[in-house]
Amino acid sequence: MTAAAPDAVPAAQPSRLVDREPRVPADRLVAELVPPPHFDGVRFETYVPDPAQPSQSAAVAALRSFGATLAAPPPRRGLFRRSAPPEGRPGVYLDGGFGVGKTHLLASLWHASPGPKAFGTFVEVTNLVGALGFGATVEALGGHKLLCIDEFELDDPGDTVLVSTLLGRLVDSGVRLAATSNTLPGALGEGRFAAQDFLREIQGLSARFDVVRVDGEDYRHRGLPAAPEPGDDEDVARRAATTPGATLDRFDELLAHLGRVHPSRYGAMLDGVAAVHLLGVQPVSDQSAALRLVALVDRMYDRDVRVVTSGVPLDRLFPDELLRGGYRKKYLRAVSRIVALSRVAG
């Protein structure tokens, strides 16, 4: 008589991002102002300039020179006064398209510079002010030699005034600035709000930076195909069930959940996550939902979280009406990054 086969052990169900609502203490926000894990190992020496784009080699030289000035002690005004601001403009601003290595260069500057120093995205810096308050943020960052701000963007008038005031206070205390963006500092805010009404603040921000142009094509797509074809729901769910550290969510449910969680907590929401699996991806036509998705994609990219999806291809995430608007560059950067993460997963 043949013995009955033992019951199969059911596969463990993957967790869901929609079940995560982390609470992030303020001290963690400060402690995490460092380059993301994706850029732990980058240095000026590991940046490979495109020979066809001389601005890339020039950008490396400019940042090396800027970094060298940070090693020298700042001049003093007097025994009981703050350090005098350094000669020349206190900031350097990398302007260029997405995927040309601006964050690589910014992180390389941070790694090459003496501390204390801080590195965060524009969103992370503004969220820090929201968590600590303006005065406490100035106190927390005012003793730093360098503040690096990645993805510098002004999405609303409130941010314009806030950032202009914050950077002015930090520069007055001797902090040097370095930033990246897809938009020249004098054009920040264009297409998003009535930038003309805040021209003084925008011009004040622009006056703090020497602009360094970085030209080139998106390195993530050099010689690579378009977004991989998505799988079907059954295949994506199977892969999630057999992948350690995986999450599995319906795309529409995740979009709704992002509206309930502050973007400052998206990084913590990904703690311990190795791969995000999404069912039923569709184009996102609502701008608020699309911008929250961009913030999540940025945090996934920072952490090298793989992406596996069903539904429409990831290069169709944002419809044409959004891509024609003021946030075009932000959406294109997000597509570039999430497609790169999906190729790793493939």
Side-chain angles (χ1 to χ4, degrees), residues 10-26 28-29 32 36-38 121 123-124 126-127 130-131 155 227-228 230-319 322 327 330-331 333-335 337-346:
Q13 292 297 311
S15 63
R16 304 191 306 164
L17 291 178
V18 297
D19 295 329
R20 298 182 173 207
E21 295 190 30
R23 296 291 183 264
V24 183
R28 173 173 170 175
L29 294 177
E32 290 185 343
H38 184 82
T121 64
V123 170
E124 288 170 332
T126 54
N127 286 339
D155 295 340
D232 57 37
D233 286 1
E234 182 178 349
D235 177 60
V236 172
R238 177 188 58 78
R239 293 180 65 175
T242 57
T243 301
T247 61
L248 178 64
D249 293 88
R250 293 211 60 82
F251 185 66
D252 56 347
E253 293 176 355
L254 178 60
L255 287 183
H257 183 62
L258 294 179
R260 297 187 290 268
V261 178
H262 193 275
S264 65
R265 294 187 273 153
Y266 289 178
M269 194 165 67
L270 294 167
D271 284 351
V273 175
V276 167
H277 296 70
L278 299 174
L279 304 175
V281 170
Q282 295 295 322
V284 183
S285 57
D286 177 78
Q287 182 160 273
S288 295
L291 291 174
R292 289 192 289 266
L293 180 60
V294 167
L296 179 67
V297 170
D298 286 341
R299 303 291 76 77
M300 290 193 296
Y301 186 77
D302 288 345
R303 291 157 174 79
D304 292 319
V305 175
R306 302 187 303 277
V307 177
V308 182
T309 63
S310 67
V312 302
L314 290 171
D315 54 9
R316 289 167 49 194
L317 264 180
F318 305 110
L322 290 187
Y327 297 103
K330 183 177 283 193
Y331 295 135
R333 183 190 72 225
V335 170
R337 289 181 165 185
I338 197 169
V339 166
L341 295 173
S342 70
R343 290 199 187 104
V344 173

Engineer: Rounded to the nearest 0.5 Å, what's the gap from OG1 on Thr247 to CG on Leu270? Could you check?
Structural biologist: 7.5 Å

Engineer: Output the distance between atom CZ (Arg303) and atom OH (Tyr266), rounded to the nearest 0.5 Å.
Structural biologist: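 So the CZ of Arg303 and the OH of Tyr266 are separated by 13.0 Å.
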
Engineer: What's the verdict on side chain to side chain contact (heavy atoms under 4.5 Å, CB included) for Tyr331 and Leu291, showing C-alpha distance, side-chain angles and the deciding distance?
Structural biologist: CA-CA 8 Å; Tyr331 295 135; Leu291 291 174; 3.8 Å; yes

Engineer: Quick one: side-chain contact (heavy atoms from CB on, under 4.5 Å) partners of Glu253, sequence neighbours excluded?
Structural biologist: Arg16, Val18, Arg250

Engineer: Under a 4.0 Å threshold between the charged nitrogen and the carboxylate oxygen, would Asp271 count as salt-bridged to Arg20?
Structural biologist: no

Engineer: Would you compute the distance between atom NE2 of His257 and atom CG of Leu296 and round it to the nearest 0.5 angstrom?
Structural biologist: 9.5 Å

Engineer: Side-chain contact, heavy-atom cut-off 4.5 Å: Glu32 with Glu124?
Structural biologist: no

Engineer: Which atoms form the tightest heavy-atom contact between Leu248 and Pro14, and what is the distance?
Structural biologist: CB-CG, 3.7 Å

Engineer: Give the minimum heavy-atom separation between Ala334 and Val297, together with the two atoms involved.
Structural biologist: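 It is O-CG1, 3.6 Å.
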
Engineer: Do Ile338 and Tyr301 touch side chain to side chain, with heavy atoms closer than 4.5 Å?
Structural biologist: no

Engineer: Mind listing the closest non-hydrogen atom pair of Ser285 and Pro319 along with its distance?
Structural biologist: CA-CG, 3.9 Å

Engineer: Looking at every non-hydrogen atom in both residues, tell me the closest pair between Pro228 and Val339 and how far apart they are.
Structural biologist: CD-CG1, 4.5 Å

Engineer: Name all residues meeting the side-chain contact (heavy atoms from CB on, under 4.5 Å) criterion together with Leu278; count only those two or more places apart in sequence or in a different chain, and write none if there are none.
Structural biologist: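 Counting only residues at least two positions away or on another chain, Leu278 forms a side-chain contact (heavy atoms from CB on, under 4.5 Å) with Asp249, Phe251, Leu254, Val276, Val281, Thr309.
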
Engineer: Going from CZ on Arg260 to CZ on Arg292, what distance comes out if it is rounded to the nearest 0.5 angstrom?
Structural biologist: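 Going from CZ on Arg260 over to CZ on Arg292, the span is 10.0 Å.
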
Engineer: Just wondering, do Pro283 and Val312 contact through their side chains at under 4.5 Å, heavy atoms?
Structural biologist: yes

Engineer: Do Gln282 and Asp252 have side-chain heavy atoms sitting under 4.5 Å apart?
Structural biologist: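 Heavy-atom side-chain distance check fails, nothing below 4.5 Å.
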
Engineer: Below 4.5 Å, heavy atoms only, C-beta onward: do Phe318 and Leu293 meet side chain to side chain?
Structural biologist: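 Sidechains of Leu293 and Phe318: in contact.
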
Engineer: Taking atom types as modelled and ignoring hydrogens, do the side chains of Ser310 and Asp233 form a donor-acceptor contact shorter than 3.5 angstrom?
Structural biologist: yes

Engineer: Taking 4.0 angstrom as the limit, do Asp315 and Arg337 come out as a salt bridge?
Structural biologist: no

Engineer: Ignoring hydrogens and geometry beyond distance, is a side-chain donor-acceptor pair present between His38 and Asp304 at under 3.5 Å?
Structural biologist: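 Yes, side-chain donor-acceptor contact under 3.5 Å.
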
Engineer: Only counting residues at least two apart or in another chain, list the ones meeting side-chain contact (heavy atoms from CB on, under 4.5 Å) with Ala275.
Structural biologist: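 Expected list: Thr243, His277, Arg306.
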
Engineer: Starting at CE of Met269, measure out to CE of Met300 and round the result to the nearest 0.5 Å.
Structural biologist: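 If we round to the nearest 0.5 Å, Met269:CE and Met300:CE are 9.0 Å apart.
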
